[in-house]
Every structure is written in structure tokens, then in C-alpha cells.
Engineer: 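Here you go, one structure.
Naming convention: chains lettered A, B, ... in sequence-line order (proteins, then strands); numbering from 1 in each chain.
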Amino acid sequence: MAFIQDTLISFRREMTPTLRSWYYIVFGILQPLLYLGLFVPLLTSVPTGTEGNPLQWFVPGMIVMLVLFTTVSCGWALTEELMSGSFERFLATPMSRPAILVGRSLKELAPLLVQAVIIIAVVAPFGLVLHLLPMLLGLVLLLIFGIGVASLSYALAIASKHDGGLFYMVSHSVALPLMLLGGVLLPMDLAPDWLYTASRFNPLTYLVEAERSLFTGAVFTQSVLYGALMAGVVALVGLLVGTLTIRRAGL
Amino acid sequence: MIRASNLTRTFKTKAGPVEAVRGLSLEVAEGELVAFLGPNGAGKSTSVRMLTSLLPPTSGQAMIGGHDVARNPVAVRQLIGYVGQGTGSGPYHRVRDELITQGRAYRMSYPDARKRADELLAILELEPQADRDCATLSGGQKRRLDVALGLMHTPRILFLDEPSTGLDPHSRANLWEHIIRLRRQTGMTIFLTTHYLDEADNMAERVMIMDHGKMIADDMPEKLKADLAGDQIRLRFRSEREAGSAAEQARNLPAARDIAREGNHLTLTVNKGESLLPGFICELHNSGVETQSANIHRPTLDDVFLSLTGRSLRETAEPPA
């Protein structure tokens, strides 16, 4: 299938230089490990709503945060290629537009998955109970969600064209409230009513809840269903918006 | 091979709509080498981007190799090679990798792409750079790589948007050497845009001059120069009186125009000056008028542009700093 083939071509092109500088991937887990080392201990006295080690509650949320922040800003990498002309070069080929976007998103997501696996492996001795299959499913959900967010980020980069500052401003003013309202750092159950209500309108909330359910090994729950639906919708909307932006902008 | 009818493109800007291309119609046959000449902002790139399916036209239609660009963009893309104004290669990617990726994007198998990449690396003299990051290439090497990228799938039509802009004269000459040789070998149709007069003049078999989003001339460079500019002849005589009588006789020359006397000099514009001049001097001699010196100024495409627009292309051709 042309779509899958094109996705692989695009992924492979972007991945090759990344693999050459693989140490960045390892370096990238430093920040999440700091959160785990310096923030999670604070959670021992916070009622997170789950039994046992707060790691079980915190790790999935943190991986969602990692994916969100990386994918939201990945359009930045495209700005350079938009200006130089190398993105245009691909648009002049018969490659499928959504496949170009998916391939590029996967390049951003692959290192994240590696980092997630490393984080899980590192914290397991400190009390994270492993539920391998559900956790794997959780990573797949993140992948789908990430493709959507990355595509939206690419669309934003294309729409704000040569204005890198605009891209930075918009992407960050979207990502931060999403993260805070998603209950990534502290449980939303502790929030005042208005804040809790606001969090219900945040798609990220459902993903975080689905991941938390999966990380405790519970697959067939309402949270997982909602989270999966949400990830699917974000991916579809992202690819649709991304493809339309490419077509409209007439790059 | 390339046909456009009434293409227009309007951009919305803060200052209001800008009509970048206003009703462009053209036809290019298989194997032609055509140059779009015009100052910056004339609408050349916008036109090429519409012809290559990168930019949807506001109105009008374009057909490439029998495919409607708007309805069947994928077929058009497969048929053409496109070398844009910018740098096609990615800075962190290696030269050979980029070529192979390009081949794969055009549905070539990996072994075919690999073979073709090595072929083009040799043809465009990029072999020593094959395993280097594209960011380390010189300007001329980057541009040759762009051309190689455009040629990966052996397209029947190659679009080159300002292929030599920003290159030093040596790299420009070198790039053109490669393009001309490739064309001789493959007979592909080449459509290029340029704001370099000499480039259009020396390389293209046919020049389309664009200004303010419209095509204002379309012919062989020689014919454009003969029809629209003509050869300027300047003669010197022994006296003003002789110059005056020469001016009288010059009126009988075919297509003579702009006849002017200035002291003992006479200037006039004719077509095919080099074949007219000896006869004219002889004729003057027979009537007792001796020519002391003769000089022909062959027209350039700039003279053509000047006569069409009243502006010189040289003034407008400087790229913005």
C-alpha cells in the first residue's frame, strides 16, 4: 500500500540522522528521571486515588506529558525545512501527504517510546508493578495520540510559515493549560469544582486516565475506552487538518 | 507537453489581494528548452508552482503530459522533476541517502534507487561528497545535488526554478554544463525560470518574458531581439553634410528606424544589421559618401525587455539584499 510505503520512506529519512545522534535520546530521559526522583516522593502523602506506590499513578501521566510536549513542538523542526525548500521537494513527489506527516510524527515518537521503556525499566525496582501487555497497549494509545498532536503541530508550523515566534507562542500557550488541566502532576479529584469541570473538557484528561488504568493492568474499563476513542479522534483530526493545511497553503 | 490556459493566482495579503499571475497561457512541446525570464516578483515562480501542482491556481487550467494538474496531481508529479528555488536537501541528511529517499518517493525500488543515485553522483561530480551531511556542501555542490534530486526518476519534464541564483560565475557555468549535457543525452523537456539575461539568451531555445504576472513576449531569443529590439548601427563620416545625406539614404533600408544624426555620426536601428551594413556602406560609397567607422550593437534580451516595458531588466534584476 502506497500509504504505508510512503510512511516508511518518510520515517526512514527522518530517523537516519536521529540514530546517528542517538545519545540525544538517552539524554532526553534525564528530565523525566528528575521528576521521578525529586517530585514523586512528595506524592506519598497525597491521596492519588490508587492503592500502593505513587509511581504507579505518576509514571503514566508523566509519559503522557513527555509525548505531549515533544509532539506539540515538533513542528519547529519543520520550520527549517519549510524555509529551506526541502519540505517542498517532497510535496513535488507523488508521496501521500498524510503519510509524510505520519512518517515524521513517528520519528518524533520512536525515541519517546524508547525513553518510556527505559523509564519503566529504571523505576520498576523502586516499586512500579509491571503489567506488560496493558502497558504496551498504553504506549500504542500514546502513539496514536502523538501522531495527531504532531500533525496539528506541523499544520501550525505551515500556517505560521516563516514566523517561528508565532509558532512557539501558540504551541506553548496550548500545551501548558492542556497539561495542567489534564491532571498530570496532581490528581484532579483534589481540584475545586470549576477546575474539575474544566478538566472534563480537556481531551488529554481522558488519555491520562486511560493510561493510569492500563498501568495498573486494568484494560477493559470505561477510562480506557474513552481514552482510546479520544486518541483516535485526535489522530484523525490532526491528519485531516495537516493534509488540508498543506493543500490550502499551496507550499 | 505543457499547456496552460488562462492561469491566474491571487494571493491574499494584509495590504489586499495581490494578483501574482494574471491570465497565463502557454504551450511547450516535448523536448523544448524554455526559459521564463522576468524581474523578481514577475510571477515566474508562482507560475511554475502552479504547473507543478504545488500551488492550486485561482482560476484557469494546466495540463502536463496530458494530465490535468488540478484533477490528477499525482500523475503529474510522477512525470515531472522539480528543482525549486530553495535547497532541496536536508542539512542533517547524507547526500546519497537523500538521493535514495527521493527515488523511493518516486516509487523506485530500493536497488534501482541506489543504482540511479550512484549514477547521478558520478554524472554531477558529487561522488566525493556522497557520504557527507548535505550541510557541509558548497553552494554549487548543493545546487548540483538539487538537480540530481530532480533527475532521480528520469523525468520527461524538468522544472528548474532559478537554478543558478546565488552561485558564483564558475559554479553557474559548471551547473549549466551539466544541465546541457544531460539534456543532450536524454532529450527531456526543460522549463526554467531565471532573471539572468545571459542565461536565458545562451541556454534557452525559447524565451517567455514575464512582467507583472503576464507574459509579454514568447519566441526564440534571436527572433525577439530582431523583432523587438533590432541591431543598432552607428556610423561616422567625414562631415555633418555627409552624415545628413547618409541619413537620407538610410530611410530606404528595409525596416530602418530610429534614424538620428548627431554631428558627423549617424545612428539607426535595423533588423539583420550585419548583412545589411556592407551593402549600405558600398551604396554610400557609390554616391560619394565615405564611411570612416562602423559599429553594430547587437541587442540583448535586456533591450527587448526595455522596448517592451520601458524599464531595464538589469535595474530590477538585483535580488533583494
Engineer: May I have the step-by-step check of side-chain contact (heavy atoms from CB on, under 4.5 Å) for A:Arg12 and B:Thr101, ending in yes or no?
Structural biologist: CA-CA 8 Å; A:Arg12 188 170 168 173; B:Thr101 303; over 6 Å; no
Engineer: Can you say whether A:Thr16 sits under 4.5 Å from chain B via the side chain, the backbone, both, or neither, judging by heavy atoms?
Structural biologist: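 For A:Thr16, side-chain heavy atoms alone lie under 4.5 Å from chain B.
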Engineer: If you count heavy-atom pairs within less than 4.5 Å of chain B, which of A:Ser10, A:Ala99, A:Ser84 leads?
Structural biologist: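 It is A:Ser84.
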Engineer: For each of B:Gln85, B:Arg104, B:Arg94, tally heavy-atom pairs with chain A at distances under 4.5 Å, and name the one with the top tally.
Structural biologist: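 Top count of heavy-atom pairs under 4.5 Å with chain A: B:Arg94.
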Engineer: Chain A heavy atoms under 4.5 Å from B:Tyr110: which part of the residue, side chain, backbone, both or neither?
Structural biologist: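 Contact with chain A: side chain only.
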Engineer: I'd like to know whether CZ of B:Arg156 has more than 12 heavy-atom contacts from other residues, nucleotides or ligands below 6.0 angstrom.
Structural biologist: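 Open: at most 12 neighbouring heavy atoms sit under 6.0 Å from CZ of B:Arg156.
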Engineer: List for me each residue that meets side chain to side chain contact (heavy atoms under 4.5 Å, CB included) alongside A:Thr71, sequence neighbours excluded, and say none if there are none.
Structural biologist: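 Scan of A:Thr71 (side chain to side chain contact (heavy atoms under 4.5 Å, CB included), adjacent residues dropped) gives A:Val67, A:Leu109, A:Val149, A:Ala150.
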Engineer: Please round to the nearest 0.5 Å and tell me the distance separating atom OG1 of B:Thr52 and atom CD of A:Glu88.
Structural biologist: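 It is 7.5 Å, given to the nearest 0.5 Å.
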Engineer: At a heavy-atom separation under 4.5 Å, does B:Leu149 approach chain A through its side chain, its backbone, both, or neither?
Structural biologist: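 Contact with chain A: side chain only.
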Engineer: For the pair A:Arg13 and B:Asp97, evaluate side-chain contact (heavy atoms from CB on, under 4.5 Å) and give the outcome as yes or no after the intermediate values.
Structural biologist: CA-CA 8 Å; A:Arg13 171 184 189 254; B:Asp97 291 351; over 6 Å; no
Engineer: Who among B:Pro91, B:Gly86, B:Pro73 has the most heavy-atom pairs with chain A under 4.5 Å?
Structural biologist: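 Most pairs with chain A among the choices: B:Gly86.
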Engineer: Check each atom of B:Asp133 against the heavy atoms of chain A and say whether the ones under 4.5 Å are side chain, backbone, both or neither.
Structural biologist: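 Side chain of B:Asp133 only, per the 4.5 Å heavy-atom cut-off to chain A.
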Engineer: Who pairs with A:Leu176 by side chain to side chain contact (heavy atoms under 4.5 Å, CB included), at least two apart in sequence or on another chain?
Structural biologist: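 Scan of A:Leu176 (side chain to side chain contact (heavy atoms under 4.5 Å, CB included), adjacent residues dropped) gives A:Phe69, A:Met179, A:Leu180.
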Engineer: Tell me the closest heavy-atom pair linking B:Gly88 and A:Ser86, and the distance in Å.
Structural biologist: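 Here B:Gly88 and A:Ser86 meet closest at O-CB, 2.7 Å.
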Engineer: Kindly determine whether A:Gln5 and B:Arg107 satisfy side chain to side chain donor-acceptor pair (under 3.5 Å), including the steps that lead there.
Structural biologist: CA-CA 9 Å; A:Gln5 204 190 342; B:Arg107 315 271 183 253; 5.1 Å; no
Engineer: Would you say that more than 12 heavy atoms from the other residues, nucleotides or ligands in this model lie under 6.0 Å from the CZ of A:Phe27, or not?
Structural biologist: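 For A:Phe27, atom CZ is not crowded (no more than 12 foreign heavy atoms under 6.0 Å).
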Engineer: Given 3.5 Å as the limit, does a donor-acceptor pair link the side chain of B:His93 with the main chain of A:Pro17, or not?
Structural biologist: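 No.
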Engineer: Hey, what do you get for CG (B:Leu54) to CD1 (A:Ile246), rounding to the nearest 0.5 Å?
Structural biologist: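 B:Leu54 CG to A:Ile246 CD1: 11.5 Å, rounded to 0.5 Å.
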Engineer: Any idea which of A:Met95, A:Glu81, A:Arg20, A:Glu80 has the most non-hydrogen atom pairs under 4.5 angstrom with chain B?
Structural biologist: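 Greatest number of close heavy-atom pairs with chain B: A:Arg20.
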Engineer: Of the listed residues (B:Gly81, B:Gly150, B:Ser89, B:Ala105), which shares the most heavy-atom pairs with chain A below a 4.5 Å separation?
Structural biologist: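 Max contact count across the listed options: B:Ala105.
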Engineer: What part of B:Tyr92 gets closer than 4.5 Å to chain A, counting heavy atoms only: side chain, backbone, both or neither?
Structural biologist: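 Its backbone and side chain both get close to chain A.
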Engineer: Does A:Pro94 offer a backbone N or O that forms a donor-acceptor pair with the side chain of B:Arg77 under 3.5 Å?
Structural biologist: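 No, because the side chain of B:Arg77 does not come within donor-acceptor range (under 3.5 Å) of the backbone of A:Pro94.
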Engineer: Any non-hydrogen side-chain atom of B:Glu98 less than 4.5 Å from a side-chain atom of A:Arg89?
Structural biologist: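 When only atoms from C-beta onward are counted, A:Arg89 and B:Glu98 do touch, with a gap below 4.5 Å.
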